[in-house]
Amino acid sequence: MKLLEKLKGIEKAAIKEIIDGGSLDEMEKARVKYLGRKGALTSAIKNMKHVAKKDKPRVGKLINELKQKMTALIEEKERGFREQEQVLFENNDATLPGIKREVGHKHPLIKTMEDIIDIFVRMGFKSVDSPEVETDFYNFEALNIPKNHPSKETFHTFYVEGGKLLRSQTSTAQIRIMEKYKPPLQVIHAGKVYRPDAVDASHSFMFYQIEGFMVDEGIVFSDLKGVLEKFAKEYFGQDVKMRFRPHYFPFTEPSAEVDISCFICEGKGCRVCSYKGWLEILGAGMVNPRVFEFVKYDPSKYTGFAFGMGIDRISMLKHGIDDIRLFYENDVRFLKQF
Ligand code: PHE
């Protein structure tokens, strides 16, 4: 029976087309092609008139079943496509507020460092680089800290392979620069230093320092005072007072520790300054002539001053941060505040 074979062919082709179809559009095309007014199945029905009378009910039933099967299959696939579309639509709801991108910013320590450098650069200092991995010569010997001398203890550090060490102070930059250049020098250098200290609220095995120094003929202690006072007023406020306390550093002579009046209580005494009214901010002094000998400068011709301060401490004072560890824990809840 020709029509029966034809129907089988239509069924096979139609089902493949519906199953392979990948969109609502393709389902509509299949519906028109097979079930539409001019569709393959419709024309098969028209051919019923050529079918022998006794076969008519069987063929009629078959056509109906085929029609139902194809309709059901198309509807099922269409339902699937509509659900997918709905999901896509919901996920792309244009009326929802946009996703705000978090924009990062500089770390508070880097900001503090740059702010300090800026002030000195405006005073004519040149900002330079210097290595963190150093030798005993730069971290100790040339800074007049001889082997086995007790002052070495203050600047204790980490030793690495090949007789090298991690610098424990940025004063190494004094030697590096003086070795390379002749006076006049007016230099600032900031970077990391390392000390094997037990970590607590005010100590870290790694922290930041900034070193400044000026060398020329005729540099005197009042130049140091003038430069530091200018810095303190610029950074902490015009009302800030300074005081110099005698101290000892092997690489400066004379040496001093420098305090500023507490800018929080204006010297009256508060929790931040431990009720002293003063905050220690740096170490300084006149470059020891022995240091000049190491870098082959004539100590009878040149004098200079040097100072070094802890950037972490300055940043903590400025922003009222009471634990140095916060700088290094990478907690965005903290970092976001600056
Ligand atoms: N390097 C000293 C320190 O780390 C600070 C300092 C620098 C003191 C320069 C005097 C001159 O404590």
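Counting convention: from 1, in listed order, for ligands and their atoms alike. All values derive from a computational prediction rather than experimental measurement. Any value given below was found using the heavy atoms of this structure, including those in side chains, with hydrogens, waters and symmetry copies removed.
Here the options are Phe140, Phe294, Phe155, the test is ring-ring contact (aromatic ring centres under 6.0 Å, His included), and the partner is Phe251; only Phe155 passes. Applying ring-ring contact (aromatic ring centres under 6.0 Å, His included) to Phe244 and the options Trp278, Phe307, Phe221 leaves one that passes, Phe221.
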Name the atoms and distances for all side-chain donor-acceptor pairs under 3.5 Å in residues 36-45, with sequence neighbours left out.
unit_1	atom_1	unit_2	atom_2	d
Thr42	OG1	Gly36	O	2.4
Ser43	OG	Gly39	O	3.4
Ser43	OG	Ala40	O	3.0

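By the 6.0 Å contact criterion, NZ on Lys318 is enclosed, its count of non-hydrogen atoms from other residues, nucleotides or ligands being greater than 12.
Taking the six-membered ring for Trp and the full ring otherwise, Tyr194 and Phe205 have centroids separated by 6.0 Å or more.
Sorted by chain then number, the residues whose non-hydrogen atoms approach ligand 1 to under 4.0 Å are Phe155, Gln169, Ser171, Gln174, Arg195, Gln209, Glu211, Phe249, Phe251, Thr252, Gly283, Ala284, Ala306, Phe307, Gly308.
Relative ring orientation between His107 and Phe327 is described as tilted, the plane-to-plane angle lying within the 30° to 60° band.
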